[in-house]
Amino acid sequence: GKTILFALRNEGISQKNLAMRMGISEKHLSQIINGEASFSVEFAFKLANTLGGSVSFWNNLERNYQETKAKIARQQQIRSEIPLLAEYPYNELARREYVSKTSDKEAQVENLHRFFSVYSLHYVPKIENTAFRMKGEEQGKGGTIAAWLRCGEIEARKQQVAAYRETKLKQILPKLKELTRLPVGESLSGITSLLNSAGVAIVFIRHFQGTRVSGAFRWVHDVPFIQLSDYYPWADIMWFNLFHEIGHLVLHKKKESFLDFDSGNTQLDPLKEAEADDFACEQLIPSGEYSRFLQKGDFSSEGIRTFAATLNIDTGIVAGRLCHDKKVHWKKVSQLRPRLPKTM
């Protein structure tokens, strides 16, 4: 606008006269001069013909002006979102190298935009809605859980996943069960390989402090996706959670999301959570076999090892089930329940 005014003075003509020369209204020209309206390439041609200069010259002025306005508005938006930083575990994300380390609050907001692939942090609850549908103790931790879920999505992209086939998934369940007998650190690659071959993505993301989330099941871009944490760092709990999430996939309709917490708390449908629990129990320790084991009443270390061997599963899974069902005290079988490695 200032450049047009400068050119008008040099030419010694009025705005009204220029509008007539260009074949536009004086009001339209005034809006452009005052920065209230942008102009088209056609308008740039008219300026070049009436005031001189090239079409590119006028187009570049307009583009630079609009870009500068957008940058100023964007900076104001970023500053307005600084209070939202308190909802997200920025330092933990930086420690895990998902975002850059910085103490600059505006930079932190921009880094979180890129981490979540959003234009504004206000949109995160929409794309990670499961994380923000909290009740009870978990209410107010949506941002932290959303960050945990997003880490899982980023890691899952690195996997080569076949097209999902339920028949294939059911075929590999016995093989998954056999992997329980390996140390967890050695079984992870086997778990991932088997599930990927059936079309399922699987990731292990260490839990974020302040949350008690143990696992999640979602469909991400038409791929069934299981995510597990190490909130309770025992192998038998990890295996149960894995089969629990597989239960959601096998039993419940596509596109549903499930977010599970240890200590029996669920933020979603209690009936479906119970169904997934039953599925995991039956897959790991069939109810008939378990009933006969309970009737014998031999819960010694040797008795537990023998029963686990007949099922071809890790001893810790049997010990953990007995603890859960209050048949033995956890201290009595602690040596039978291996812990998860500190790095998963």
Side-chain angles (χ1 to χ4, degrees), residues 1-94 97-129 131-132 142-144 146-147 150-151 153-154 157 221:
K2 289 182 179 180
T3 305
I4 292 173
L5 287 176
F6 181 78
L8 286 175
R9 294 191 191 100
N10 278 350
E11 295 295 323
I13 58 177
S14 66
Q15 290 186 37
K16 182 177 181 179
N17 187 277
L18 177 61
M20 293 173 59
R21 291 167 185 253
M22 297 179 70
I24 64 172
S25 69
E26 187 175 355
K27 179 181 178 181
H28 186 199
L29 179 61
S30 178
Q31 289 175 329
I32 289 173
I33 288 174
N34 293 325
E36 298 169 358
S38 58
F39 61 76
S40 64
V41 175
E42 180 186 2
F43 192 90
F45 272 99
K46 292 181 178 182
L47 284 173
N49 285 344
T50 55
L51 293 180
S54 67
V55 174
S56 296
F57 168 77
W58 292 107
N59 274 331
N60 287 338
L61 279 180
E62 173 67 8
R63 186 182 67 251
N64 291 340
Y65 171 66
Q66 296 297 338
E67 185 177 315
T68 300
K69 280 208 309 180
K71 284 180 178 178
I72 292 171
R74 174 66 171 159
Q75 203 64 34
Q76 291 173 339
Q77 176 209 330
I78 289 171
R79 287 171 185 159
S80 73
E81 292 185 19
I82 288 176
L84 298 178
L85 287 172
E87 300 179 19
Y88 299 94
Y90 190 90
N91 291 336
E92 180 62 20
L93 287 170
E97 300 183 345
Y98 286 105
V99 296
S100 300
K101 291 182 180 180
T102 178
S103 59
D104 185 293
K105 298 300 182 183
E106 291 182 28
Q108 289 182 4
V109 172
E110 288 188 283
N111 290 340
L112 284 178
H113 287 169
R114 285 189 285 270
F115 170 72
F116 284 109
S117 292
V118 294
Y119 183 70
S120 167
L121 293 180
H122 291 291
Y123 304 152
V124 176
K126 297 178 181 179
I127 63 168
E128 297 288 0
N129 58 80
F132 287 85
T144 301
R150 179 60 177 164
C151 289
E153 290 180 21
I154 292 171
R157 287 201 211 111
H221 305 304

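Start at 1 with the first residue, then count along the sequence.
Without hydrogens or angle criteria, Asp104 side chain to Glu106 main chain gives a donor-acceptor distance under 3.5 Å. Within the 3.5 Å criterion, the main-chain N or O of Thr102 finds a donor-acceptor partner in the side chain of Gln108. At least one donor-acceptor pair under 3.5 Å links the side chain of Trp58 to the backbone N or O of Gly52.
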Using the rule given for side-chain hydrogen bond (donor to acceptor under 3.5 Å, both in side chains), can you reason through Tyr90 versus Asn111, listing the C-alpha separation, both sets of side-chain angles and the distance that settles it, and then say yes or no?
CA-CA 9 Å; Tyr90 190 90; Asn111 290 340; 2.8 Å; yes
key: Audit row: Arg21, Asn17, side-chain hydrogen bond (donor to acceptor under 3.5 Å, both in side chains) steps and yes/no   = CA-CA 6 Å; Arg21 291 167 185 253; Asn17 187 277; 2.4 Å; yes
TODO: Begin with the C-alpha distance, continue with both residues' side-chain angles, and end with the deciding distance and a verdict on side-chain hydrogen bond (donor to acceptor under 3.5 Å, both in side chains) for Asn34 and Ser30.
DONE: CA-CA 6 Å; Asn34 293 325; Ser30 178; 3.3 Å; yes
Review point. Does the pair Tyr65 and Ser38 meet the rule for a side chain to side chain contact (heavy atoms under 4.5 Å, CB included), with working shown?
Key: CA-CA 9 Å; Tyr65 171 66; Ser38 58; over 6 Å; no
request  = Start with the C-alpha gap between Glu67 and Lys71, add the side-chain angles, then the distance that decides, and say whether salt bridge (charged side-chain N to carboxylate O under 4.0 Å, His left out) holds.
outcome  = CA-CA 6 Å; Glu67 185 177 315; Lys71 284 180 178 178; 3.3 Å; yes
Kindly indicate, with the supporting measurements, whether the criterion side chain to side chain contact (heavy atoms under 4.5 Å, CB included) is fulfilled by His122 and Leu84.
-> CA-CA 8 Å; His122 291 291; Leu84 298 178; 3.6 Å; yes
- request: Step by step, work out the side chain to side chain contact (heavy atoms under 4.5 Å, CB included) result for Phe43 and Leu29.
  value: CA-CA 10 Å; Phe43 192 90; Leu29 179 61; 4.2 Å; yes
> Can you list the steps and then say if Leu112 with Val118 is a side chain to side chain contact (heavy atoms under 4.5 Å, CB included)?
Replying inline: CA-CA 8 Å; Leu112 284 178; Val118 294; over 6 Å; no
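In terms of heavy atoms, Gly35 sits closest to Lys69 at O-NZ, 3.9 Å. When every heavy atom of Leu8 is checked against every heavy atom of Ser14, the shortest pair comes out as CD2-O, 4.0 Å. Shown here for Asn59 and Ser40, the closest heavy-atom pair between the two residues is OD1-O, 4.3 Å. Listed here is the closest heavy atom pair of Arg157 and Arg150: NH2-NH2, 3.1 Å. Summarising the geometry of Val109 relative to Glu81, their closest heavy-atom pair is CG1-OE1, 3.8 Å, with the distance given to 0.1 Å. When all heavy atoms are compared, the tightest approach of Ala48 to Ser54 is CB-C, 4.1 Å.
In this structure the side chain of Glu26 never reaches within 4.5 angstrom of the side chain of Gln31, judged on heavy atoms. When side chains are defined from C-beta on, Cys151 counts as touching Leu93, because their heavy atoms get closer than 4.5 Å.
Other residues, nucleotides and ligands place more than 12 heavy atoms under 6.0 Å from the NZ atom of Lys46. Crowding of Glu36 atom CD: a count of heavy atoms from other residues, nucleotides or ligands under 6.0 Å exceeding 12. Under a cut-off of 6.0 angstrom, the local environment of CE in Met22 is crowded, with over 12 non-hydrogen atoms contributed by other residues, nucleotides or ligands. Counting non-hydrogen atoms of neighbouring residues, nucleotides and ligands closer than 6.0 angstrom, the CZ atom of Phe6 reaches no more than 12 such neighbours.
Atom CD of Gln77 is separated from atom CD1 of Ile72 by 14.0 Å, given to the nearest 0.5 angstrom. Of the inter-residue distances, the one linking Glu110 atom CD with Gln75 atom CD reads 6.5 Å to the nearest 0.5 angstrom. Going from atom CD of Gln15 over to atom CG of Leu5 covers 5.5 Å, rounded to the nearest 0.5 Å. Note that OG1 of Thr3 is 10.5 Å distant from CG of Leu51, once rounded to the nearest 0.5 Å. The NZ atom of Lys2 sits 13.0 Å away from the CD1 atom of Ile33 when rounded to the nearest 0.5 Å.
The side chain to side chain donor-acceptor pair (under 3.5 Å) check on Ser56 picks up nothing, with sequence neighbours excluded.
Taking the six-membered ring wherever Trp is involved, the centroid distance between the rings of Phe116 and Tyr123 does not fall below 6.0 Å.
For the pair Arg74 and Tyr119, the cation-pi criterion (under 6.0 Å, within 45° of the ring axis) is fulfilled.
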